[in-house]
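Quantities reported herein were computed from a predicted structural model and do not represent experimental measurements.
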Amino acid sequence: MTRLLSVASECVPLVKTGGLADVVGALPGALAPLGVEMRTLLPGYPAVMKAVTDGRKVADWPDLFGGPARLIEGALGDHVLYALDAPHLYDREGAIYLGPDGKDWPDNPQRFAALSRVAALIGADGVGGWVPQVLHLHDWQAGLAPTYLRHLGADGRVGTLITIHNIAFQGLAPEKMLNELHLRPGDFTQDGVEYWGQISALKAALVHADAISTVSPTYAQELMTPDFGMGLDGVIRARAADVTGILNGIDTDIWTPPYKTIRGKARHRKALRAEMGLPDWPGPVCVVISRLTEQKGLDLLLDALPALVDRGGQLALLGSGDAKLEAAFKEAAAHPGVAVRIGYDEGLARRLIAGGDAILVPSRFEPCGLTQLYGLRFGTLPLVGLTGGLADTVINASPAALAAKCATGLQFHPVTLQALAGALMRLCELYEDRPLWERMAKNAMDTPVGWEASAPAYAALYEKLTKSS
Ligand code: ADP
Ligand code: GLC
């Protein structure tokens with residue numbers, strides 16, 4: 001048994017803003033059959049504390065970044081969950097990263113430094129007699145743990161892996177916070193936590209963790225280039241030998257199509273059209289389930305919509321995020337072929353995947369992406385930008401792939417309006433060729449999208465990082 005502590009700021013089914021939560025929630029179950037005992041450490045937000053009401057206290061600190069804190073051991077399904085109960089940091093209503101004003105909580109650096117600090121303490125000495133062999137740290141929120149381990153003189157005791165789910169979030173804090181974050185002046189160097197005059201929790205992990213992973217092989221390569229590295233490409237390049245890309249899987253129990261072939265979609269498509277108020281046009285029902293941000297390229301989709309609806313296609317979008325994009329999509333919904341729901345709705349997400357013919361993911365960058373994987377599993381063909389995990393998971397309907405009968409969707413490149421509009425036209429064309437479309441849908445539905453390949457890859461990496469303790 002390898003003993004793992006996974007450290008993250010979100011996790012399904014308790015708290016989620018994006019795919020990170022799905023992955024963190026799925027890992028313990030995916031790794032258990034491979035002899036990995038994975039426990040999860042989360043901030044004690046209200047939803048997390050509610051899940052551990054029957055838990056027991058296993059540690060406490062009179063002053064953890066400005067207030068008393070306790071560690072509660074409870075259960076996350078069949079696995080152990082540690083909730084860091086620190087009301088001064090986490091007992092807040094509203095979004096986990098944002099205050100009521102829609103801006104980051106001003107004390108986010110302290111909130112997640114505390115999480116990282118406790119991860120390091122557990123890594124150094126264990127908790128309640130349980131000593132992890134590896135800390136699996138997710139994104140910047142867990143990023144300071146390897147630095148704290150060094151301070152504790154314990155970096156030789158426990159292996160550390162930082163997984164980059166999204167390099168756009170780097171955990172920046174002003175230099176003057178060094179003391180308050182329990183960092184040392186000696187940490188504030190170019191090969192330490194310093195990043196353009198600020199502290200970066202993500203950079204700290206990139207330089208101090210034993211290994212770096214990200215959530216697809218292509219993104220692992222892209223991260224080492226200036227176009228995608230967002231200023232950290234040099235730091236990652238310097239560690240190229242320690243960088244791997246391991247694709248995310250999805251929970252195939254939750255995401256199971258209610259039909260055996262896409263012929264069974266008809267009833268779900270009809271229900272979806274009725275629910276969203278879409279007309280019964282001959283073209284494909286295209287769906288989007290997404291955060292509305294620059295990353296996702298949905299501004300391009302807005303501009304490409306006229307071409308899609310003119311060709312008889314329809315769009316049903318579920319998303320939330322950027323206020324301007326929300327407003328623009330609401331306005332676009334005035335067209336009968338376009339339906340938009342602003343908000344977050346798991347049930348509707350599922351109905352969209354089941355009822356839609358194609359799922360659109362025109363991202364400018366995409367570390368992995370999960371919704372195209374849902375699309376594959378449901379025969380809801382993905383149309384995606386050729387980047388990151390989207391490049392690794394979809395087989396483009398090129399002439400060669402069509403001839404070899406292995407295509408599972410469409411990819412376009414570069415991520416521009418022109419290329420997206422062209423791909424949408426191609427989608428409509430392919431949709432008219434029913435035998436071909438059904439063939440592609442079958443290929444898509446046969447594609448493995450669970451954890452079957454990636455869980456062993458993580459297990460092997462953990463094994464490599466295990467230090468005897
Ligand atoms: P990211 O993590 O960048 O947001 P992913 O594709 O990896 O992108 O994961 C997004 C996850 O969040 C998926 O599980 C998707 O279904 C879900 N999701 C995104 N927006 C919504 C929404 N408005 N309603 C329901 N689920 C959503
Ligand atoms: C990030 C990425 C997304 C990835 C998810 C889970 O939010 O944007 O591509 O699938 O993390 O790893």
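- Between the side chain of N396 and the backbone N or O of Q411 there is at least one donor-acceptor pair closer than 3.5 Å.
- Atoms CG and OG1, from L373 and T447 in turn, are 9.5 Å apart once rounded to the nearest 0.5 Å.
- Here Q110 pairs with E180 under the side-chain hydrogen bond (donor to acceptor under 3.5 Å, both in side chains) rule; sequence neighbours left out.
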ask   = Going through the distances and angles, do H208 and T160 end up as a side chain to side chain contact (heavy atoms under 4.5 Å, CB included)?
value = CA-CA 9 Å; H208 290 152; T160 49; over 6 Å; no
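- Shortest non-hydrogen contact noted between S200 and Y195 is CB-CB, 3.6 Å.
- With hydrogens and angles left out, the side-chain atoms of W130 and E37 include a donor and acceptor closer than 3.5 Å.
- Looking at N248, its side chain never comes within 3.5 Å of a backbone N or O of V215 through a donor-acceptor pair.
- Considering only residues two or more places apart in sequence or on other chains, E194 meets the side-chain hydrogen bond (donor to acceptor under 3.5 Å, both in side chains) condition with none of them.
- Here the CG atom belonging to L144 is positioned 5.5 Å from the CG atom belonging to L183, to the nearest 0.5 angstrom.
- Under 4.0 Å is where a charged nitrogen must lie from a carboxylate oxygen, and between R364 and D299 at least one such pair does.
- In this structure, T225 has no side-chain hydrogen bond (donor to acceptor under 3.5 Å, both in side chains) partners at least two apart in sequence or on a different chain.
- With salt bridges taken as basic N to acidic carboxylate O contacts below 4.0 Å, none links K330 and E326.
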Residues H79, T40; criterion side chain to side chain contact (heavy atoms under 4.5 Å, CB included); working and verdict = CA-CA 8 Å; H79 309 280; T40 307; 5.9 Å; no
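- Atom OG1 of residue T2 and atom CG of residue L34 lie 9.5 Å apart, to the nearest 0.5 angstrom.
- Using a 3.5 Å distance cut-off with no hydrogens or angles, the side chains of H136 and Y462 do pair a donor with an acceptor.
- Separating the CG atom in L298 from the CG atom in L420 is a distance of 9.5 Å, to the nearest 0.5 Å.
- Taking the side-chain contact (heavy atoms from CB on, under 4.5 Å) definition, one finds that V207 meets it with K203, V235, sequence neighbours left out.
- Put simply, the side chain of R377 gets close to the backbone of W255: a donor and an acceptor are under 3.5 Å apart.
- Partner W140 forms a ring-ring contact (aromatic ring centres under 6.0 Å, His included) with one of F112, F169, Y97 and no other, that one being F112.
- By the side-chain contact (heavy atoms from CB on, under 4.5 Å) test, P448 pairs with E452, sequence neighbours left out.
- Classification of the Y90-Y45 ring pair by plane angle, with boundaries at 30° and 60°, yields perpendicular.
- Under 3.5 Å, the side chains of D187 and H151 contain a donor-acceptor pair of N or O atoms.
- Checked by atom type, the side-chain pair S6/H138 shows a donor-acceptor distance below 3.5 Å.
- Side chain to side chain, T163 and S213 meet the donor-acceptor criterion of an N or O pair below 3.5 Å.
- Residues passing the side-chain hydrogen bond (donor to acceptor under 3.5 Å, both in side chains) test with D60 are K57, sequence neighbours excluded.
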